[in-house]
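Quick note on labels: first sequence line is chain A, next is B, and so on, each numbered from 1.
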There are 2 protein chains.
Amino acid sequence: MGRKRGFDETTVLDVVRDRFWTTGFDGTSTYDLMDATGLGKGSIYKAFGNKHDLYVRVFSDYCQGLVAQAREELRDGPHAVLTSPMARLERYVVSLADAFATESPRRGCFLTKVTADRAGEDDMVAATARRAFEDLAGALASALRDAQDAGEVAEHADATALGYLLLSVIRGIDNMAKAGVDATTLRQTARSALELIPRADAPNVRR
Amino acid sequence: MGRKRGFDETTVLDVVRDRFWTTGFDGTSTYDLMDATGLGKGSIYKAFGNKHDLYVRVFSDYCQGLVAQAREELRDGPHAVLTSPMARLERYVVSLADAFATESPRRGCFLTKVTADRAGEDDMVAATARRAFEDLAGALASALRDAQDAGEVAEHADATALGYLLLSVIRGIDNMAKAGVDATTLRQTARSALELIPRADAPNVRR
DNA sequence: GGCTTTGTTGACCGACTGGACCACAATGGG
DNA sequence: CCCATTGTGGTCCAGTCGGTCAACAAAGCC
(Lines give C-alpha, C1' and ligand atoms only; values in the text may rest on other atoms or scores of the structure.)
Protein backbone atom coordinates (compact mmCIF):
# COMPACT_ATOMS: atom_id res chain seq x y z
CA MET A 1 0.00 0.00 0.00
CA GLY A 2 0.98 3.64 -0.05
CA ARG A 3 1.81 5.80 -3.01
CA LYS A 4 4.02 4.40 -5.78
CA ARG A 5 7.39 5.88 -6.58
CA GLY A 6 7.36 8.26 -9.48
CA PHE A 7 10.99 7.67 -10.43
CA ASP A 8 13.16 4.79 -11.47
CA GLU A 9 15.63 4.10 -8.69
CA THR A 10 18.37 2.83 -10.97
CA THR A 11 18.17 5.85 -13.26
CA VAL A 12 18.26 8.25 -10.34
CA LEU A 13 21.23 6.49 -8.76
CA ASP A 14 23.08 6.62 -12.08
CA VAL A 15 22.53 10.34 -12.37
CA VAL A 16 23.58 10.89 -8.76
CA ARG A 17 26.73 8.83 -9.27
CA ASP A 18 27.65 10.90 -12.32
CA ARG A 19 27.25 14.10 -10.31
CA PHE A 20 29.46 12.85 -7.47
CA TRP A 21 31.85 11.56 -10.11
CA THR A 22 32.42 14.91 -11.73
CA THR A 23 32.17 17.27 -8.77
CA GLY A 24 33.06 15.09 -5.76
CA PHE A 25 31.28 14.77 -2.44
CA ASP A 26 31.88 18.23 -1.03
CA GLY A 27 31.49 19.83 -4.43
CA THR A 28 28.02 18.38 -4.97
CA SER A 29 25.21 20.05 -3.09
CA THR A 30 21.78 18.68 -2.38
CA TYR A 31 20.45 21.26 -4.85
CA ASP A 32 22.76 19.90 -7.56
CA LEU A 33 21.26 16.50 -6.85
CA MET A 34 17.73 17.92 -7.09
CA ASP A 35 18.54 19.55 -10.43
CA ALA A 36 20.19 16.42 -11.80
CA THR A 37 17.47 14.01 -10.74
CA GLY A 38 14.44 16.27 -11.08
CA LEU A 39 13.35 15.11 -7.64
CA GLY A 40 12.37 17.26 -4.71
CA LYS A 41 14.64 17.34 -1.71
CA GLY A 42 12.18 15.48 0.45
CA SER A 43 11.94 12.60 -2.01
CA ILE A 44 15.69 12.13 -2.06
CA TYR A 45 16.02 12.15 1.72
CA LYS A 46 13.03 9.86 2.14
CA ALA A 47 14.34 7.36 -0.39
CA PHE A 48 18.05 7.35 0.33
CA GLY A 49 18.68 9.00 3.69
CA ASN A 50 21.21 11.76 3.89
CA LYS A 51 23.85 12.85 1.42
CA HIS A 52 26.52 10.59 2.83
CA ASP A 53 24.30 7.50 2.75
CA LEU A 54 23.54 8.24 -0.88
CA TYR A 55 27.21 8.67 -1.69
CA VAL A 56 28.17 5.38 -0.07
CA ARG A 57 25.29 3.69 -1.84
CA VAL A 58 26.22 4.77 -5.37
CA PHE A 59 29.88 4.10 -4.70
CA SER A 60 29.18 0.63 -3.41
CA ASP A 61 26.96 -0.15 -6.39
CA TYR A 62 29.62 1.14 -8.75
CA CYS A 63 32.29 -1.06 -7.20
CA GLN A 64 30.11 -4.13 -7.48
CA GLY A 65 29.54 -3.39 -11.16
CA LEU A 66 33.21 -2.70 -11.75
CA VAL A 67 34.30 -5.99 -10.22
CA ALA A 68 31.58 -7.91 -12.00
CA GLN A 69 32.58 -6.40 -15.32
CA ALA A 70 36.24 -7.25 -14.75
CA ARG A 71 35.38 -10.84 -13.93
CA GLU A 72 33.16 -11.03 -16.99
CA GLU A 73 35.74 -9.69 -19.40
CA LEU A 74 38.61 -11.67 -17.91
CA ARG A 75 36.97 -14.96 -17.19
CA ASP A 76 38.03 -18.24 -18.64
CA GLY A 77 35.55 -20.89 -19.69
CA PRO A 78 32.91 -21.65 -22.33
CA HIS A 79 31.43 -18.15 -22.34
CA ALA A 80 34.73 -16.34 -22.74
CA VAL A 81 34.71 -13.71 -25.47
CA LEU A 82 38.24 -14.48 -26.58
CA THR A 83 39.73 -17.90 -26.40
CA SER A 84 43.18 -16.88 -25.24
CA PRO A 85 43.51 -15.78 -21.58
CA MET A 86 46.35 -13.44 -22.43
CA ALA A 87 44.36 -11.86 -25.26
CA ARG A 88 41.52 -11.19 -22.82
CA LEU A 89 43.89 -9.69 -20.31
CA GLU A 90 45.47 -7.44 -22.90
CA ARG A 91 42.13 -6.40 -24.24
CA TYR A 92 40.88 -5.56 -20.76
CA VAL A 93 43.89 -3.50 -19.73
CA VAL A 94 44.37 -1.69 -23.02
CA SER A 95 40.70 -0.86 -23.47
CA LEU A 96 40.63 0.64 -19.98
CA ALA A 97 43.70 2.75 -20.68
CA ASP A 98 42.20 3.76 -23.99
CA ALA A 99 38.95 4.80 -22.35
CA PHE A 100 40.74 6.89 -19.73
CA ALA A 101 42.89 8.53 -22.38
CA THR A 102 40.23 9.39 -24.95
CA GLU A 103 37.05 10.19 -23.04
CA SER A 104 36.16 13.84 -22.80
CA PRO A 105 35.94 15.20 -20.25
CA ARG A 106 38.44 12.82 -18.75
CA ARG A 107 36.67 11.64 -15.66
CA GLY A 108 38.52 8.35 -15.25
CA CYS A 109 37.31 5.71 -12.84
CA PHE A 110 34.91 6.54 -10.04
CA LEU A 111 36.77 4.18 -7.73
CA THR A 112 40.01 6.09 -8.14
CA LYS A 113 38.25 9.40 -7.67
CA VAL A 114 36.35 8.39 -4.56
CA THR A 115 39.43 6.79 -3.02
CA ALA A 116 41.49 9.93 -3.48
CA ASP A 117 38.60 12.12 -2.44
CA ARG A 118 37.29 10.48 0.71
CA ALA A 119 38.99 7.22 1.67
CA GLY A 120 41.31 9.11 4.02
CA GLU A 121 38.45 10.60 6.03
CA ASP A 122 35.71 8.02 5.66
CA ASP A 123 36.20 4.46 6.93
CA MET A 124 33.06 3.22 5.20
CA VAL A 125 34.36 4.42 1.86
CA ALA A 126 37.88 3.12 2.53
CA ALA A 127 36.59 -0.35 3.36
CA THR A 128 34.49 -0.51 0.20
CA ALA A 129 37.37 0.72 -1.93
CA ARG A 130 39.79 -1.72 -0.36
CA ARG A 131 37.48 -4.59 -1.02
CA ALA A 132 37.08 -3.51 -4.63
CA PHE A 133 40.84 -3.25 -5.11
CA GLU A 134 41.37 -6.70 -3.67
CA ASP A 135 38.66 -8.18 -5.85
CA LEU A 136 40.01 -6.51 -8.98
CA ALA A 137 43.56 -7.65 -8.23
CA GLY A 138 42.14 -11.11 -7.64
CA ALA A 139 40.36 -11.13 -10.98
CA LEU A 140 43.55 -10.06 -12.73
CA ALA A 141 45.58 -12.69 -10.88
CA SER A 142 43.03 -15.30 -11.83
CA ALA A 143 43.34 -14.31 -15.48
CA LEU A 144 47.11 -14.56 -15.18
CA ARG A 145 46.82 -18.05 -13.75
CA ASP A 146 44.60 -18.98 -16.67
CA ALA A 147 47.31 -17.66 -18.95
CA GLN A 148 49.86 -19.77 -17.08
CA ASP A 149 47.69 -22.84 -17.49
CA ALA A 150 47.43 -22.09 -21.20
CA GLY A 151 51.19 -21.86 -21.43
CA GLU A 152 51.22 -18.16 -22.29
CA VAL A 153 52.78 -16.91 -19.09
CA ALA A 154 55.83 -18.34 -17.34
CA GLU A 155 55.04 -20.69 -14.49
CA HIS A 156 57.53 -19.00 -12.17
CA ALA A 157 55.61 -15.71 -12.33
CA ASP A 158 53.75 -14.68 -9.17
CA ALA A 159 50.22 -14.21 -10.46
CA THR A 160 48.99 -12.51 -7.29
CA ALA A 161 51.78 -9.94 -7.31
CA LEU A 162 51.34 -9.31 -11.02
CA GLY A 163 47.62 -8.85 -10.47
CA TYR A 164 48.27 -6.01 -8.05
CA LEU A 165 50.90 -4.64 -10.37
CA LEU A 166 48.53 -4.45 -13.33
CA LEU A 167 45.88 -2.95 -11.10
CA SER A 168 48.22 -0.25 -9.88
CA VAL A 169 49.26 0.53 -13.44
CA ILE A 170 45.62 0.97 -14.42
CA ARG A 171 45.06 3.25 -11.42
CA GLY A 172 48.14 5.25 -12.29
CA ILE A 173 47.09 5.65 -15.92
CA ASP A 174 43.73 6.84 -14.71
CA ASN A 175 45.36 9.49 -12.57
CA MET A 176 47.74 10.69 -15.28
CA ALA A 177 44.93 10.76 -17.82
CA LYS A 178 43.03 13.20 -15.64
CA ALA A 179 45.99 15.56 -15.81
CA GLY A 180 45.86 15.45 -19.60
CA VAL A 181 48.91 13.33 -20.31
CA ASP A 182 49.11 12.39 -23.98
CA ALA A 183 46.82 9.52 -25.00
CA THR A 184 49.52 7.74 -26.96
CA THR A 185 51.81 7.75 -23.96
CA LEU A 186 49.09 6.28 -21.76
CA ARG A 187 48.27 3.53 -24.22
CA GLN A 188 51.97 2.79 -24.53
CA THR A 189 52.25 2.58 -20.75
CA ALA A 190 49.52 -0.05 -20.62
CA ARG A 191 51.18 -2.01 -23.40
CA SER A 192 54.57 -1.80 -21.70
CA ALA A 193 53.14 -3.31 -18.55
CA LEU A 194 51.68 -6.21 -20.50
CA GLU A 195 54.89 -6.76 -22.45
CA LEU A 196 56.89 -7.10 -19.25
CA ILE A 197 54.84 -10.04 -18.02
CA PRO A 198 57.21 -13.01 -18.27
CA ARG A 199 56.13 -15.32 -21.10
CA ALA A 200 56.44 -19.07 -21.13
CA ASP A 201 59.26 -20.27 -23.37
CA ALA A 202 57.15 -22.88 -25.12
CA PRO A 203 53.35 -22.86 -25.17
CA ASN A 204 51.69 -25.67 -23.21
CA VAL A 205 48.75 -27.67 -24.40
CA ARG A 206 45.50 -26.14 -23.15
CA ARG A 207 44.26 -28.53 -20.54
CA MET B 1 58.47 50.89 3.66
CA GLY B 2 55.17 49.87 5.22
CA ARG B 3 54.53 47.38 7.99
CA LYS B 4 56.47 44.11 8.03
CA ARG B 5 54.77 40.78 7.71
CA GLY B 6 54.09 39.08 10.99
CA PHE B 7 54.22 35.55 9.57
CA ASP B 8 56.66 33.39 7.69
CA GLU B 9 55.30 32.81 4.20
CA THR B 10 56.86 29.38 3.77
CA THR B 11 55.49 28.12 7.08
CA VAL B 12 52.01 29.39 6.29
CA LEU B 13 52.06 27.85 2.82
CA ASP B 14 53.14 24.52 4.28
CA VAL B 15 50.27 24.55 6.74
CA VAL B 16 47.81 25.54 4.03
CA ARG B 17 49.07 22.76 1.77
CA ASP B 18 48.61 20.21 4.54
CA ARG B 19 45.03 21.36 5.04
CA PHE B 20 44.19 21.09 1.35
CA TRP B 21 46.02 17.78 1.32
CA THR B 22 43.85 16.17 3.96
CA THR B 23 40.47 17.78 3.29
CA GLY B 24 40.62 18.78 -0.39
CA PHE B 25 39.68 22.07 -2.03
CA ASP B 26 35.94 22.06 -1.45
CA GLY B 27 36.36 20.45 1.95
CA THR B 28 38.63 23.20 3.23
CA SER B 29 36.94 26.44 4.20
CA THR B 30 38.56 29.82 4.62
CA TYR B 31 37.89 29.44 8.35
CA ASP B 32 39.82 26.17 8.40
CA LEU B 33 42.67 28.05 6.81
CA MET B 34 42.41 30.81 9.44
CA ASP B 35 42.49 28.24 12.23
CA ALA B 36 45.41 26.38 10.72
CA THR B 37 47.53 29.43 10.02
CA GLY B 38 46.47 31.65 12.90
CA LEU B 39 46.03 34.50 10.43
CA GLY B 40 42.98 36.68 9.96
CA LYS B 41 40.98 36.26 6.80
CA GLY B 42 42.03 39.62 5.47
CA SER B 43 45.71 38.80 5.82
CA ILE B 44 45.32 35.63 3.82
CA TYR B 45 43.41 37.33 1.05
CA LYS B 46 45.82 40.26 0.99
CA ALA B 47 48.86 38.03 0.80
CA PHE B 48 47.68 35.27 -1.53
CA GLY B 49 44.52 36.42 -3.31
CA ASN B 50 41.50 34.16 -3.18
CA LYS B 51 41.18 30.54 -2.14
CA HIS B 52 41.75 29.19 -5.62
CA ASP B 53 44.92 31.25 -6.14
CA LEU B 54 46.24 29.93 -2.86
CA TYR B 55 45.41 26.37 -3.82
CA VAL B 56 47.17 26.67 -7.16
CA ARG B 57 50.13 28.29 -5.45
CA VAL B 58 50.73 25.55 -2.88
CA PHE B 59 50.11 22.87 -5.46
CA SER B 60 52.56 24.39 -7.88
CA ASP B 61 55.19 24.76 -5.15
CA TYR B 62 54.64 21.17 -4.11
CA CYS B 63 55.10 19.88 -7.65
CA GLN B 64 58.34 21.79 -8.05
CA GLY B 65 59.66 20.28 -4.83
CA LEU B 66 58.49 16.82 -5.80
CA VAL B 67 60.26 16.94 -9.15
CA ALA B 68 63.40 18.43 -7.63
CA GLN B 69 63.49 15.71 -5.00
CA ALA B 70 63.06 12.99 -7.60
CA ARG B 71 65.90 14.41 -9.69
CA GLU B 72 68.06 14.67 -6.60
CA GLU B 73 67.48 11.12 -5.46
CA LEU B 74 67.76 9.62 -8.93
CA ARG B 75 70.56 11.65 -10.39
CA ASP B 76 73.78 10.20 -11.68
CA GLY B 77 77.11 11.91 -11.16
CA PRO B 78 79.63 12.81 -8.49
CA HIS B 79 77.05 13.81 -5.88
CA ALA B 80 74.96 10.68 -6.22
CA VAL B 81 74.07 9.07 -2.90
CA LEU B 82 74.41 5.56 -4.22
CA THR B 83 76.84 4.58 -6.92
CA SER B 84 74.61 2.22 -8.83
CA PRO B 85 71.85 3.83 -10.93
CA MET B 86 69.61 0.81 -10.47
CA ALA B 87 70.11 0.86 -6.71
CA ARG B 88 69.05 4.50 -6.66
CA LEU B 89 66.00 3.73 -8.77
CA GLU B 90 65.00 0.86 -6.53
CA ARG B 91 65.55 2.89 -3.42
CA TYR B 92 63.45 5.74 -4.78
CA VAL B 93 60.50 3.61 -5.85
CA VAL B 94 60.46 1.32 -2.83
CA SER B 95 60.85 4.10 -0.30
CA LEU B 96 57.91 5.92 -1.90
CA ALA B 97 55.75 2.81 -1.77
CA ASP B 98 56.84 2.24 1.79
CA ALA B 99 55.95 5.79 2.79
CA PHE B 100 52.49 5.51 1.22
CA ALA B 101 51.90 2.18 2.89
CA THR B 102 53.03 2.99 6.41
CA GLU B 103 52.17 6.62 7.06
CA SER B 104 49.18 7.24 9.26
CA PRO B 105 46.87 8.70 8.33
CA ARG B 106 47.56 7.58 4.80
CA ARG B 107 47.48 10.79 2.89
CA GLY B 108 49.62 9.67 -0.04
CA CYS B 109 50.97 12.15 -2.55
CA PHE B 110 49.47 15.62 -2.88
CA LEU B 111 49.91 15.45 -6.65
CA THR B 112 47.74 12.34 -6.91
CA LYS B 113 45.14 13.84 -4.61
CA VAL B 114 44.92 17.17 -6.41
CA THR B 115 44.80 15.51 -9.80
CA ALA B 116 41.91 13.29 -8.81
CA ASP B 117 40.22 16.13 -6.97
CA ARG B 118 40.35 19.02 -9.39
CA ALA B 119 42.25 18.33 -12.63
CA GLY B 120 38.99 17.49 -14.37
CA GLU B 121 37.42 20.87 -13.59
CA ASP B 122 40.41 23.15 -13.41
CA ASP B 123 42.68 23.68 -16.41
CA MET B 124 45.28 25.51 -14.36
CA VAL B 125 45.60 22.55 -12.03
CA ALA B 126 45.55 20.04 -14.87
CA ALA B 127 48.38 21.83 -16.69
CA THR B 128 50.53 21.92 -13.57
CA ALA B 129 49.86 18.27 -12.81
CA ARG B 130 50.59 17.24 -16.38
CA ARG B 131 53.89 19.05 -16.34
CA ALA B 132 54.81 17.38 -13.06
CA PHE B 133 53.95 13.94 -14.40
CA GLU B 134 56.02 14.51 -17.51
CA ASP B 135 58.97 15.75 -15.46
CA LEU B 136 58.75 12.82 -13.05
CA ALA B 137 58.53 10.31 -15.88
CA GLY B 138 61.49 12.05 -17.47
CA ALA B 139 63.54 11.78 -14.29
CA LEU B 140 62.73 8.09 -14.04
CA ALA B 141 63.57 7.56 -17.71
CA SER B 142 66.83 9.38 -17.22
CA ALA B 143 67.69 7.11 -14.31
CA LEU B 144 66.88 4.10 -16.45
CA ARG B 145 69.18 5.35 -19.20
CA ASP B 146 71.90 5.74 -16.59
CA ALA B 147 71.28 2.14 -15.62
CA GLN B 148 71.53 1.13 -19.25
CA ASP B 149 74.83 2.96 -19.57
CA ALA B 150 76.04 1.16 -16.47
CA GLY B 151 75.07 -2.16 -17.97
CA GLU B 152 72.37 -2.89 -15.46
CA VAL B 153 69.39 -2.59 -17.76
CA ALA B 154 69.05 -4.15 -21.21
CA GLU B 155 69.83 -1.80 -24.09
CA HIS B 156 66.70 -2.77 -26.00
CA ALA B 157 64.46 -1.47 -23.20
CA ASP B 158 62.49 1.71 -23.91
CA ALA B 159 63.56 3.97 -21.06
CA THR B 160 60.88 6.57 -21.76
CA ALA B 161 58.08 4.02 -21.74
CA LEU B 162 59.43 2.38 -18.60
CA GLY B 163 59.66 5.77 -16.93
CA TYR B 164 55.96 6.32 -17.42
CA LEU B 165 55.29 2.76 -16.34
CA LEU B 166 57.13 3.17 -13.05
CA LEU B 167 55.40 6.49 -12.50
CA SER B 168 51.97 4.98 -13.05
CA VAL B 169 52.79 2.13 -10.66
CA ILE B 170 53.75 4.66 -7.98
CA ARG B 171 50.53 6.56 -8.58
CA GLY B 172 48.54 3.35 -8.40
CA ILE B 173 50.19 2.28 -5.16
CA ASP B 174 49.39 5.69 -3.73
CA ASN B 175 45.74 5.27 -4.60
CA MET B 176 45.47 1.73 -3.25
CA ALA B 177 47.29 2.74 -0.07
CA LYS B 178 44.62 5.32 0.63
CA ALA B 179 42.02 2.58 0.57
CA GLY B 180 43.97 0.67 3.21
CA VAL B 181 45.39 -2.13 1.10
CA ASP B 182 47.92 -4.19 3.06
CA ALA B 183 51.37 -2.60 3.35
CA THR B 184 53.20 -5.79 2.44
CA THR B 185 51.20 -6.11 -0.75
CA LEU B 186 52.01 -2.54 -1.73
CA ARG B 187 55.72 -2.97 -1.11
CA GLN B 188 55.61 -6.20 -3.07
CA THR B 189 53.90 -4.41 -5.95
CA ALA B 190 56.69 -1.86 -6.10
CA ARG B 191 59.30 -4.61 -6.04
CA SER B 192 57.50 -6.57 -8.75
CA ALA B 193 57.58 -3.56 -11.04
CA LEU B 194 61.32 -3.18 -10.53
CA GLU B 195 61.96 -6.89 -11.03
CA LEU B 196 60.24 -6.83 -14.39
CA ILE B 197 62.60 -4.24 -15.83
CA PRO B 198 64.68 -6.15 -18.40
CA ARG B 199 68.25 -6.59 -17.13
CA ALA B 200 71.34 -6.61 -19.27
CA ASP B 201 72.77 -10.09 -19.74
CA ALA B 202 76.31 -9.05 -18.86
CA PRO B 203 77.21 -5.88 -16.98
CA ASN B 204 79.03 -3.23 -19.01
CA VAL B 205 81.96 -1.25 -17.80
CA ARG B 206 80.84 2.03 -16.28
CA ARG B 207 81.87 4.66 -18.77
C1' DG C 1 56.24 63.90 14.14
C1' DG C 2 53.59 63.78 10.12
C1' DC C 3 52.72 60.99 5.99
C1' DT C 4 52.55 57.33 2.90
C1' DT C 5 52.54 52.56 2.52
C1' DT C 6 51.70 48.02 3.71
C1' DG C 7 49.97 44.37 7.13
C1' DT C 8 46.32 42.88 10.24
C1' DT C 9 42.00 42.22 12.15
C1' DG C 10 37.31 41.10 12.65
C1' DA C 11 32.83 42.53 11.46
C1' DC C 12 29.92 42.09 7.74
C1' DC C 13 27.57 40.61 3.32
C1' DG C 14 24.59 37.89 0.35
C1' DA C 15 24.51 33.40 -1.20
C1' DC C 16 24.36 28.82 -0.19
C1' DT C 17 24.62 24.56 2.83
C1' DG C 18 22.56 19.92 4.68
C1' DG C 19 18.81 18.55 6.75
C1' DA C 20 14.11 18.72 9.10
C1' DC C 21 9.56 19.20 8.42
C1' DC C 22 4.97 19.95 6.64
C1' DA C 23 0.99 19.95 3.83
C1' DC C 24 -0.58 17.44 0.15
C1' DA C 25 -1.04 13.47 -3.43
C1' DA C 26 -1.55 8.88 -4.69
C1' DT C 27 -2.43 4.14 -3.44
C1' DG C 28 -4.76 -0.06 -2.12
C1' DG C 29 -6.91 -2.89 1.71
C1' DG C 30 -10.96 -2.94 4.49
C1' DC D 1 -15.54 5.33 0.40
C1' DC D 2 -12.65 5.81 4.12
C1' DC D 3 -8.10 5.70 6.07
C1' DA D 4 -3.50 4.20 7.08
C1' DT D 5 0.59 4.42 4.53
C1' DT D 6 4.00 5.97 1.61
C1' DG D 7 5.79 9.35 -1.94
C1' DT D 8 6.27 14.25 -3.30
C1' DG D 9 7.57 19.07 -3.63
C1' DG D 10 8.72 22.91 -1.29
C1' DT D 11 9.61 25.86 2.66
C1' DC D 12 12.17 26.83 6.54
C1' DC D 13 16.12 26.91 9.55
C1' DA D 14 20.47 27.64 11.74
C1' DG D 15 24.83 27.59 10.36
C1' DT D 16 28.60 28.11 6.96
C1' DC D 17 30.51 29.68 2.65
C1' DG D 18 33.99 32.82 -0.05
C1' DG D 19 35.05 37.31 -0.26
C1' DT D 20 34.97 42.53 0.86
C1' DC D 21 35.80 46.37 3.67
C1' DA D 22 36.91 49.88 6.91
C1' DA D 23 39.35 50.77 10.97
C1' DC D 24 43.61 50.27 13.05
C1' DA D 25 48.88 48.99 13.59
C1' DA D 26 53.63 49.12 12.43
C1' DA D 27 57.29 50.63 9.47
C1' DG D 28 60.51 53.86 6.76
C1' DC D 29 61.00 58.47 4.39
C1' DC D 30 60.98 63.33 4.66
Student: Check each residue of residues 48-57 of chain B for a non-hydrogen atom within less than 4.0 Å of any atom in DNA chain D, then write out the ones that pass by number, or none.
Tutor: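 Hits under 4.0 Å, by residue number: Asn50(B), Lys51(B).
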Student: Is there side-chain contact between Ile44(A) and Lys51(A), with heavy atoms separated by less than 4.5 Å?
Tutor: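 They are not in contact (no side-chain heavy atoms under 4.5 Å apart), so the answer is no.
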Student: Leu39(A) has an atom CG; how far is it from atom P of dG7(D), in whole Å?
Tutor: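 Rounded to whole Å, this separation is 12 Å.
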Student: Around atom CZ of Arg191(A), are there more than 12 heavy atoms of other residues, nucleotides or ligands at under 6.0 Å?
Tutor: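 Check fails, neighbour count at 12 or below.
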Student: Using every non-hydrogen atom in the two residues, find where Gln148(B) and Ala157(B) come nearest and quote the distance to one decimal.
Tutor: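 Where Gln148(B) meets Ala157(B) most closely, the heavy atoms are NE2-O, 3.0 Å.
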Student: DNA chain D: Gly42(B) or Thr28(B), which has the more 5' nearest nucleotide?
Tutor: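 Nearest nucleotide further toward 5': that of Thr28(B).
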Student: Does anything in residues 5-27 of chain B come within less than 4.0 Å of DNA chain D? Heavy atoms only, and list the residues if so.
Tutor: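 DNA chain D contact set from residues 5-27 of chain B: none.
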Student: Can you tell which of Val58(A), Leu39(A), Thr28(A) makes a side chain to side chain contact (heavy atoms under 4.5 Å, CB included) with Val16(A)?
Tutor: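 It is Val58(A), the one option of Val58(A), Leu39(A), Thr28(A) that forms the side chain to side chain contact (heavy atoms under 4.5 Å, CB included) with Val16(A).
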Student: Are the side chain of Arg88(B) and the backbone of Arg75(B) linked by a donor-acceptor contact shorter than 3.5 Å?
Tutor: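 Yes; judged by distance alone, with no hydrogens or angles, the pair exists.
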Student: Hey, what bend do you get for the helix from dG1(C)-dC30(D) to dG30(C)-dC1(D) if you fit axes on five pairs at each end, rounded to 10°?
Tutor: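 It works out to 10° between the end axes.
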Student: Run the salt-bridge test on Arg107(B) and Asp18(B) with the 4.0 Å N-O cut-off and return the result as yes or no.
Tutor: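 Yes.
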Student: Can you tabulate the close N/O pairs, meaning under 3.5 Å, that link protein atoms to atoms of nucleotides 23-27 of chain D?
Tutor:
from, atom 1, to, atom 2, distance (Å)
dA25(D), N3, Arg3(B), NH1, 3.4

Student: What integer distance in Å separates Lys46(B):NZ from dG10(C):C1'?
Tutor: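 Atom NZ in Lys46(B) sits about 16 Å away from atom C1' in dG10(C).
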Student: Could you tell me whether the side chain of Arg106(B) and the main chain of Ala177(B) form a donor-acceptor pair under 3.5 Å?
Tutor: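 Answer holds: yes.
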Student: Under 4.0 Å between a Lys/Arg side-chain N and an Asp/Glu carboxylate O for Arg57(B) and Asp61(B)?
Tutor: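 Looking at Asp61(B) together with Arg57(B), the answer is yes, because their closest N to O distance falls below 4.0 Å.
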Student: Under the side-chain contact (heavy atoms from CB on, under 4.5 Å) rule, what do Arg171(B) and Thr115(B) come out as? Steps first, then yes or no, please.
Tutor: CA-CA 11 Å; Arg171(B) 268 37 242 179; Thr115(B) 301; over 6 Å; no
Student: Using whole Å, what does the distance between atom P of nucleotide dG18(D) and atom CG of Leu33(B) come to?
Tutor: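 Value for this atom pair: 8 Å.
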Student: Can you list the residues that meet the side-chain hydrogen bond (donor to acceptor under 3.5 Å, both in side chains) rule with Arg131(A), with sequence neighbours excluded?
Tutor: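 With neighbours one apart ignored, the set is Asp135(A).
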Student: Is any side-chain nitrogen or oxygen of Ser43(B) closer than 4.0 Å to OP1 or OP2 of dT9(C)?
Tutor: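 Looking at the OP1 and OP2 atoms of dT9(C), one of them is under 4.0 Å from a side-chain N or O of Ser43(B).
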Student: Should we count CE of Met124(A) as having more than 12 external heavy atoms under 6.0 Å?
Tutor: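 No, CE of Met124(A) has 12 or fewer neighbouring heavy atoms, counting only those of other groups under 6.0 Å.
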Student: So does Lys113(A) pair up with Asp174(A), basic N to acidic O under 4.0 Å?
Tutor: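 No, no charged N to carboxylate O under 4.0 Å.
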Student: Parallel, tilted or perpendicular, judged at 30° and 60°: which one describes the rings of Tyr55(A) and Phe25(A)?
Tutor: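 Answer is perpendicular, since the angle exceeds 60°.
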Student: In whole Å, what is the span from the CE atom of Met34(A) to the C1' atom of dT17(C)?
Tutor: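 So the two atoms are 13 Å apart, to the nearest Å.
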Student: Determine whether a donor-acceptor pair (N or O, by modelled atom type, separation under 3.5 Å) exists between the side chain of Ser168(B) and the backbone of Leu165(B).
Tutor: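 Yes; judged by distance alone, with no hydrogens or angles, the pair exists.
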Student: Looking only at the side chains, is there a donor atom on one of Thr30(B) and Lys41(B) sitting less than 3.5 Å from an acceptor on the other?
Tutor: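 On atom types as modelled, these side chains qualify, holding a pair under 3.5 Å.
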Student: Give me, pair by pair, the N or O atoms of the protein and of nucleotides 12-16 of chain C that are less than 3.5 Å apart, along with how far apart they are.
Tutor:
none

Student: Which nucleotide wins on minimum distance to the side chain of Thr30(B), given the candidates dG18(D), dT8(C), dT6(D)?
Tutor: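 It is dG18(D).
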Student: If the plane angle is over 60° it's perpendicular, under 30° parallel, otherwise tilted; pick one for Phe59(A) and Phe110(A).
Tutor: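 Aromatic pair Phe59(A)/Phe110(A) classed perpendicular.
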